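Below is one structure; the comments refer to it alone.
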Amino acid sequence: MRKKKRSSITVDDDSTRDVPKSKKTKSSGRPTKSSAQDSYPDSVFVQFLKEAGVTLRAGSTANEVAVDQVIFQKRLQQRLRKNPRFPNIIQEFISALEIYIEDPERFRNCLLPCVPSSSSQQDTNNVLCYSVREDGLNVPHLIINQLKWLDRIVDGKDLSSKLMQMVSVAPVEIQRDIITSLPEILEDSQHGDTAKELNGLLQQNTQLAVPILDALSSLNLSSALLSKVREAVMGTLSAVQLEDLPVVVKFVLHSISASGPNEVVCDLRKKLELEQCVLPAVLQASQSRMISKAVVPSCNNGQDSVALVLDVIKSAIRFQKTISEAWLKAIENVDESDDHKVVDLLVLFILYSTNANHSRRGAERVLKVKVRKGLIQESLLNSPNYVMRGYFPSILALAQGLLRSSDCCVVPFGGHMYKQAFTSFDSYCQQEVVGSLVTHACSGVSGEVDVALELLCELVSQGPAEMSQFTVFVKGILDYMDNLTSQQIRRLFHLLSHLAFGQEQHRGHIQDDMHIVIRKQLSSTAPKYKRIGIIGAVMMVGSMGACRYTSLMLPKVHLFDQKYSNIVMALLELVCSCSESSPEAAALYYDELANLLQTCKLDPLVQVPFVFPASVMYNLDEDESQGGIAINLLPLMTQDQQPKTDTTQPAGVKKERSLRVSPLCLSPFFRLLRLCEEVQHQGDLEEIDALLGCPLILTDMEVMEKVESLSKAAREFLCSLLFYTINWFREVVNAFCKLNDPEMKMKVVTRIQNITYLQSLLQTCLAATPGYTPPQANFDGESAEGMIPSSSIALPKKGKKGKDAGEISILICDHPEKECEKVKEKDAKSAVSLSSYWPFFRELDVEALSVLQCGLLSRTLLDTELHSKLKEEVQLGPAELLFLLEDMWRKLDFSLASAPAKKAPFLKSKMDRAVGFAHLQQKNAKEIATCCMELLPTLCTHLENCHNHFQTLLSEHQGVVDAPGVDVKEQQLMCSAYQLLLQVLHTTFSWAGFSGPEHRALLKSALGVLAGRLKEDETDLTLDQLSRHAFEYLQNFRSTVPSLNTALCLTQLLIVLSQYGGSNHRTYREQITSLTRHFLCQEWVTASGEKERGNKYNDALQTLLSIYLEHTDDVLKAVEEIAGEGVPELMNAAKNANSRSWPTLNRQTFLVYYKSMMAELERAVRKIPPSKQMDSQESEKLLTWNLAVRDFHILINLVKMFDSRPVLTVCLKYGRLFLESFLKLGMPLLDYSFKKHKEDVQSLLKTFQLSTRQLHYMCGHSKIRQDTGLTNHVPALKKSLEQFVYRVKAMLTLNHCQEAFWLGNLKNRDLKVEMLNTDEVVHSKSHIMLHQIHSKDIFLH
């Protein structure tokens, strides 16, 4: 093995300076043919080296070593020590060395490794290696390398000083070599000073950042110095080059101590700008491709630098828990969306990718919170693919969690993560994304399925070529159609149809599969599967028609048109033939075609099969006397009631009867006809506008006066007739509500008046027809049998046999020129609520709500000579307003207030919540909110009209609501409209979408409408100012709310608006507290003069009282005020009287008050902070517990006067909860406070003892009464009472007063603390008595 010779030999005065020991290194010399003779044969240096075994060569020949390096060092040391001139010989040796290396060739040979003399000088490899070494020789590097191997340094300070001086003047490459070698050259004592100098050098020259940080990482530094260096490094972070950034970040993270990582990570996060590192990387990559496609990018380009930075962060997070927690906290503390960076999202992905469960849960929690608050937005996901691709598993897992979240605010962000991953990553990632979305779609959770199908549709529309590769995955959803709703089935077939008819490749097999599935479903006899087949077929027709429409400019268009026209015609004929036997299937077919026309733009040739002869669907009988038309509904129903088959009729009659149309198809076909007219005539309905005013052939409504005397078949026939009529009018309103002609508007309003009138008749008829099943009106849901509302009305007594359905006379009774005034209003007691029958009415379109904007409409009627004869005026009345508001609130509650659906229960509910909202589901929540915002000025106008109505009423009757002459019916309608207007506003402003930044402008516009009603001139207001003005505007309605439920709606609306108020929360709380107290201190009377009562009133009162107690500053004081003042006033008042200070408190509502006070008292004590030893707030907490125990004692004692079973149940339940909170939070306080506040603790325990004794009596009373509802609470309460006794004993033992504890038995007493007539004793260890023996001792017995 060849030896490496050291040219610098240092020997100290004790002759211990020798050649440093080092490992043997392989090297090669460049031999010559003959050995060169040294020019200085008599030199001490040359002579001693030769005697020790090293032969120095001249020229470019390497020096030779004949012995092992250790032997050489030992020999040289002995020669120097044994020399007679020692120690002077050492100086001579060094002088000779200096003279020898003055020759550059010799100096170079001394720096290079020596060649063993035994090696072959003809070795070709050595020659080649030497030549390479000679050509690229770096003398400074060789010198620095020799300094690394020194065994000992005599004056390290001087050496470090000289090296730093060299750094200041040397070129950059030599500077880097010197700095990198410093940790191996310097002694530990020099590390601190050198680090300071390097720190200063780093601030002056950032080009040396990498070698300086490498050197600092290897130096042994104190924590204070390391912190100072780290701060300096952080200061230069923004100035370092991109390729040096990973080293800087690594140094910062690795130098963090366990005590203070939060500040360092927070500072690093602020200064780490990865967004600025992306563009240079992209430009550099593009430039490198332009120069040469064969060049491989180096590790110093931007992409690799960003990846290395993230790897450094990932390594630090994975192996240091404190750093992971610090990153999480740093991201969590960001309060503004603009302050969030791409690195925040990437670090969350890194945290989620670690195996530690706390990091995964923390990352997911922080991401959800940030997304919910709108701080992390979708723009942060638009990072370069090469950065995000490495974290695809984390992105996929987080997207799955967000999509399954019950919080609807975070679901869109999860969907955007899916879309971004699909559009940005490779085919493997795309396959995983599609597979995950298909899993969501098959989960059975309604909200999750909706979002997944919507995302799949978006992916198909954005990237049809990419999605066509994964058709086989999407096709698997067909196996799970049994769990899908009608709207989900539409989306599924829309998705599959786009895949089947969108791309030439990969579409043949999916078309065949879809045809097979649709034919199979259509041929099924089960209505559910036939419904799926009809929906799927219509969606396929729409996709083919849309694809044909966009492909008309393609070549070979005639072949294309003919092919798809044949498919469309065949599919439509198949659906017609399969649905003609079922009226429900036919009606669904018409509705689906109408929806298709409303949502899709189809080619005219495709629309031809949609137009059917009107005579086939319904008969239009011309009235010769009036020259008009009428809807022949009653004969149509009469024919439909006849048997479907009659064997006695000839074959021709059978065929004719089989062609009759069911009245079920009347409204669906009219909707289809109307939409065809709109499409063909660009929205003009002049061809069919006669249907708006034409009469219906019905029966004389005077029959309603004797409806109970009719037969069951006649009553059911009459109910069905009313349902069909109302549904026809609802579709008429849908059709013509958007017309601007005043006369048409008047007719639309008149039709709404007809609907409200017929609904009042229907209520009366339904009350007399229990068990009746209405005809189906919405055909995309389950059968109507599962939606029959349960009726609690008894069957009417049998009377005379009524007229049969066929015997009911026929006349024209509902003509727009004649309002039926002959029928008297039935008593309200005989009517039923139609709210449970709403699935059996046709759905009103959202556009129909524009009728709310209609004011007073008028027209002038002309006589035969065209002279003004009569002026007719029409406007929305209270009944019509209530009808529209009910429908609007129901729509908003479905679209805006509905939370994401949970997993479907095992036993499905009878009524599908989505029935009756098929058209509404075509719009998203933002469109509904926008529509509502457009109607907001109109709603405010109606709200102000209601306010003015009741204000006028109160002023005219001196504040008496039930004054004589007041129209009770009108008052009830106005009261309901008032309440519904507030409910509509509450549902609108409670929409969770307003919390997102993307809808903030919409929220400001909505608040601006309310604020503008109060202050019209002010503009450009902030969200806080708009919220405050809107709050003040709505607060003005407090004086005219007519009922407690209306007051509750107003309060809840104000609470929602206060959440947008920003920093004024305390002011809002005070105003809400004052408002609720005002409502609670008001006596509520109906228009008929009776006090409000009932379950709805009690529920509203309990909610309002809870709001008051939640918002008041001092809950304990409020409870004491009600229980200590209001209840005693009630006990001293008459039987039906109210409390003087709290008019809503009476004997009927005492349970409501008692339950609310007990619940809020228990909730308040749970919020008292737990106590610790040496607590500075000990006195305040002890005072709070004294007040709480006193309130509890007052409430417990009320049971003596109000001992009903519900009151006892509330007392036992919340008494146990209060006792458990006292044991958990109050007793530790008494442990620490006993010595300092002995009297206060004694008073508290005495008061609490009285309450626990009363609870014992209640337990005994429950056992004596053997009431299961009461005794269920007894075991847990008795256990808590026993724990209280022993916990008090433990407290006394802790404070060295255990001798003061004595346990006794308790005798049987009733709730009024009177002895029972029995000698039995209830032995209990759960009771204690307190006596004060003297001022310092407390005895328990």
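Please read all numbers here as calculations on a predicted model, not as lab measurements.
- The salt bridge (Lys or Arg N to Asp or Glu O under 4.0 Å) check on Lys891 picks up Asp887, with sequence neighbours excluded.
- In terms of the salt bridge (Lys or Arg N to Asp or Glu O under 4.0 Å) criterion, residue partners of Arg674 (sequence neighbours excluded) are, by chain and number, Glu678, Asp845.
- Residues Asp407 and Lys368 are not paired through a salt bridge, judged by the lack of any N-O separation under 4.0 Å between the basic side chain and the carboxylate.
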Intermediate values then yes/no, side chain to side chain contact (heavy atoms under 4.5 Å, CB included), Tyr1068 and Ser1027: CA-CA 11 Å; Tyr1068 289 130; Ser1027 177; 3.7 Å; yes
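- Partners of Phe723 according to the ring pair (Phe, Tyr, Trp, His ring centres under 6.0 Å) rule, which considers only residues two or more places apart in sequence or in another chain, are Phe841.
- In plain terms, the two heavy atoms of Ala1100 and Asn1045 that are nearest each other are CB-OD1, 3.4 Å.
- Qualifying salt bridge (Lys or Arg N to Asp or Glu O under 4.0 Å) partners for Arg404, counting only residues two or more places apart in sequence or in other chains: Glu448.
- Sorted by first and then second residue, the salt bridge (Lys or Arg N to Asp or Glu O under 4.0 Å) pairs with a member in residues 1038-1064 form an empty list; sequence neighbours excluded.
- Evaluation of the salt bridge (Lys or Arg N to Asp or Glu O under 4.0 Å) rule for Glu378 yields no partner, not counting sequence neighbours.
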Please report the C-alpha distance between Thr1040 and Tyr978 in whole Å, then the side-chain angles of each, then the deciding distance to 0.1 Å, and finally whether the side chain to side chain contact (heavy atoms under 4.5 Å, CB included) criterion is met. CA-CA 10 Å; Thr1040 58; Tyr978 204 152; 3.0 Å; yes
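- Asp741 CG: more than 12 foreign heavy atoms inside a 6.0 Å radius.
- In this structure, CZ in Phe840 is found 9.5 Å from CG in Asn778, a value given to the nearest 0.5 Å.
- Between Arg842 and Glu731, at least one side-chain N (NZ, or NE/NH1/NH2) sits under 4.0 Å from a carboxylate O, which counts as a salt bridge.
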